K.L.:
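I'd like to ask some things about the structure below.
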Amino acid sequence: EFFGTFNDIDIRRVSDLEEQRKGYDVVISLDNDVWFRIEEKRDRYGETGNIVLELWSDVNNKKGWLFTSRADYISYHFDNTAITHLIPVPVLRKAWTRHCARWCKTYRILTKENHGWTTQFILIPLEVLWEAMQGVLIHDHKNESGERWEGA
């Protein structure tokens, strides 16, 4: 549904552990040509209304999916609704880079014990994330003195 109408849509769930370690769960091929890797996430930490960004998969040992996932999109589903958000990973990372200092001061960074390791994540309000992502998609073709660049 996210990718529109195509004659042939192939959806393959990743079952190979090595492929899963690359940070994606689903591979979608459209008309045997265009394909996307998607990592699935759920709001498992309660009905927060926030997007959970994993900073550390294993604190001080392995960076979280925000930095390591090779997915093209994060499919983020809120368990308490019937809504799934499809978040483009490059745009998400650019928004994080631009806003991480402020977000780390403003929003809660939490840790959760897993089976033998500790995960660290930050809760970003959905509206804040969407606004930040929208902002990084806009580029002003002016140089530092305010003049327009050639060819812009």
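We count residues from 1, following the sequence as given. Keep in mind the model is a prediction, meaning the values are calculated, not measured.
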K.L.:
Using atom types as modelled and distance alone, determine if a side-chain donor or acceptor of Glu54 lies under 3.5 Å from a backbone N or O of Trp65.
P.N.:
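Side chain of Glu54 to backbone of Trp65: a pair is present.
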K.L.:
Sequence neighbours excluded and cut-off under 3.5 Å, please list the side-chain donor-acceptor pairs for residues 96-107, or say none.
P.N.:
residue, atom, partner, partner atom, Å
Thr97, OG1, Arg93, O, 2.9
His99, ND1, Arg102, NH2, 2.9
Thr106, OG1, Arg102, O, 2.8

K.L.:
The criterion is ring pair (Phe, Tyr, Trp, His ring centres under 6.0 Å); which residues satisfy it with Trp130, sequence neighbours excluded?
P.N.:
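Only His85 meet the ring pair (Phe, Tyr, Trp, His ring centres under 6.0 Å) criterion with Trp130.
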K.L.:
With side-chain contact (heavy atoms from CB on, under 4.5 Å) as the criterion, how do Ile124 and Leu53 come out once you've worked through the C-alpha distance, each side chain's angles and the decisive distance to 0.1 Å?
P.N.:
CA-CA 7 Å; Ile124 305 294; Leu53 303 180; 3.8 Å; yes
K.L.:
Between Asn50 and Pro125, what is the shortest heavy-atom contact and its length?
P.N.:
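Distance-wise, the nearest heavy atoms are OD1-CA, 3.1 Å.
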K.L.:
Would you indicate whether the side-chain heavy atoms of Leu110 and Thr119 approach each other to under 4.5 Å?
P.N.:
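Side-chain contact under 4.5 Å: no.
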K.L.:
So, using side chain to side chain donor-acceptor pair (under 3.5 Å) as the criterion, who are the partners of Glu113 when residues are at least two apart?
P.N.:
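For Glu113 the side chain to side chain donor-acceptor pair (under 3.5 Å) partners, ignoring immediate neighbours, are Thr118.
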K.L.:
Flag the pair Trp56 / Lys62 as yes when at least one side-chain heavy-atom distance between them is below 4.5 Å, and no otherwise.
P.N.:
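Counting from C-beta outward, Trp56 and Lys62 never come under 4.5 Å.
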K.L.:
Does any non-hydrogen side-chain atom of Leu66 lie less than 4.5 Å from one of Leu55?
P.N.:
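Yes, side chains in contact.
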K.L.:
Do Leu129 and Leu92 touch side chain to side chain, with heavy atoms closer than 4.5 Å?
P.N.:
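In short, these two side chains touch, coming nearer than 4.5 Å.
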K.L.:
Just to verify, what does Val91 make a side chain to side chain contact (heavy atoms under 4.5 Å, CB included) with, not counting sequence neighbours?
P.N.:
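Once residues adjacent in sequence are excluded, the partners of Val91 under the side chain to side chain contact (heavy atoms under 4.5 Å, CB included) criterion are Pro88, Met133, Val136, Leu137.
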K.L.:
Please round to the nearest 0.5 Å and tell me the distance separating atom CD of Glu127 and atom CD1 of Ile51.
P.N.:
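So the CD of Glu127 and the CD1 of Ile51 are separated by 9.5 Å.
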K.L.:
For residues Val59 and Leu123: do they belong to one hydrophobic cluster (side chain heavy atoms under 4.5 Å, members Ile, Leu, Val, Met, Phe, Trp, Tyr)?
P.N.:
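Looking at the clustering, Leu123 is in the same group as Val59.
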